[in-house]
Amino acid sequence: MKRIGVLTSGGDAPGMNAAIRSVVRTAAVEGLEVRGIMRGYEGLIAGEMIELNPRSVSNILSRGGTVLKTARSKEFLLESGQKKAIQILEKNDIDGLVVIGGNGSLQGAIALERVGNIRTIGVPGTIDNDLGSTDYTIGCHTSVDTALDAIDKIRDTVTSMERIYVVEVMGREEPYIAIMAALAGGAEEVLYPGSSLDLTAVAEEIKVAEAKGKRSWIIILSEGYGDAVTVSREIADLTGYEVRPVTLGHVQRGGSPNAPDRILASIMGAYAVRALISGEKGKMVAMKGHSLHLVSYNEACFEREKDKKLNQDLYNITKLLAS
Ligand code: F6P
């Protein structure tokens, strides 16, 4: 192996740059050349790539987003697009590829290996923390911090004006950001996919608490459960109180990665390069406990078991402490 490629794909996540830096510098130490592929699979199909060396990744460790840019490519979903991508990789003598991204990006790597002769290793980069067999994905820690910072600020006005707020956080069907931010932020309630709570029960709870003198509420809403405007309106209708919606949106994807995400990205990037060198393919770098290992793309993409018990336990503590 002489030359490898690296790309970031799907939604950007804080820490992707730290992973790129780690891939490039580890590869250089191992005597490999690196091509940075721009705009994920979209740029790969278009042949957009740049030469990367240890100096070209200086000062990106602390930056959010991805210097390689990213995209959600429609063309790459088609086999014709995947074959074009393989041709570009062959033309540029790229023997191995590090794919940094979430579920869709890793499924892209599966497709590449199916249609052509390329070895890929995935690095989990998504704020959602929704991949299987890994405790964490790059970006999830910073995203929780960002949501928490917003919740703390919203708390000031919630308390001062004695209002009810529904704060919607990202995460697709995975409640990680919602549950962690709720616990850390002292939220009164959390609505997430998989919970058995319905809005009638929440309304009842608010009325009972109100009768005892509790007037301010922060309800964290995972986007997989519903949207803040609709849920606020329904709770308002059920309680007769004013309920304000806040959607945190893409602020949760931005900002300088925090220490856990920088560390995770740095060790995973290096691990991915070493995995390629040792002949591995079709696997994602995963963290379990404190150690890294490789898991099949299948396990990573399709065998995610929501830890319902853990979610329920964290939810119970959140509720206990909000009493
Ligand atoms: O997967 C990351 C994520 O931010 C999700 O939490 C969210 O649902 C989605 O991406 C938003 O995607 P886009 O930026 O393409 O609208």
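Counting starts at 1 for both ligands and their atoms, in listed order. Here the structure is a predicted model, which is why all the values come from computation and not from measurement.
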Student: To check your reading of the model: name the closest protein heavy atom to atom 3 (C) of ligand 1, its residue, and the distance in Å.
Tutor: R253 NH1, 3.5 Å

Student: Taking 4.0 angstrom as the limit and counting only heavy atoms of I127, give me the atoms of ligand 1 inside it, by number and element.
Tutor: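 Matching atoms, with element in brackets: 4 (O).
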
Student: Return each pair, listed once, that meets salt bridge (charged side-chain N to carboxylate O under 4.0 Å, His left out) where at least one residue sits in residues 113-126; pairs must be two or more places apart or across chains.
Tutor: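 Salt bridge (charged side-chain N to carboxylate O under 4.0 Å, His left out) check on residues 113-126 returns no pairs.
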
Student: Using a strict 4.0 Å cut-off to heavy atoms of G171, name the atoms of ligand 1 that fall inside it.
Tutor: 6 (O)

Student: Can you find a heavy atom in the side chain of E30 that is under 4.5 Å from one in the side chain of M1?
Tutor: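 No. Closest side-chain heavy atoms not under 4.5 Å.
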
Student: Nearest 0.5 Å, please: how far is CG in L112 from CG in N117?
Tutor: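 The CG atom of L112 is 11.5 Å from CG of N117, to the nearest 0.5 Å.
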
Student: So between E223, E174, M170, whose heavy atom ends up nearest atom 8 (O) of ligand 1?
Tutor: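 Going through E223, E174, M170 one by one, E223 has the nearest heavy atom to atom 8 (O) of ligand 1.
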
Student: Quick one: nearest non-hydrogen protein atom to atom 13 (P) of ligand 1, plus distance?
Tutor: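 Checked against all protein heavy atoms, atom 13 (P) of ligand 1 sits closest to R72 NH2, 3.6 Å.
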
Student: Just need the protein heavy atom nearest to atom 1 (O) of ligand 1, so name the residue and atom and give the distance.
Tutor: D128 OD2, 2.6 Å

Student: If a pair satisfies salt bridge (charged side-chain N to carboxylate O under 4.0 Å, His left out) and one of its residues is in residues 125-149, list it, with sequence neighbours excluded.
Tutor: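 Residue pairs with at least one partner in residues 125-149: D128-R172, D135-K288, D149-K153.
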
Student: Output the list of atoms in ligand 1 that are nearer than 4.0 Å to some heavy atom of H250, sorted by atom number.
Tutor: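 Contacts of ligand 1 toward H250, numbered from 1: 13 (P), 14 (O), 16 (O).
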
Student: With a 6.0 Å cut-off (strictly less than), is the heavy-atom count around NZ of K319, excluding the residue itself, greater than 12?
Tutor: yes

Student: Say whether, by atom type as modelled, one donor and one acceptor occur between the side chain of Y297 and the main chain of G122 under 3.5 angstrom.
Tutor: yes

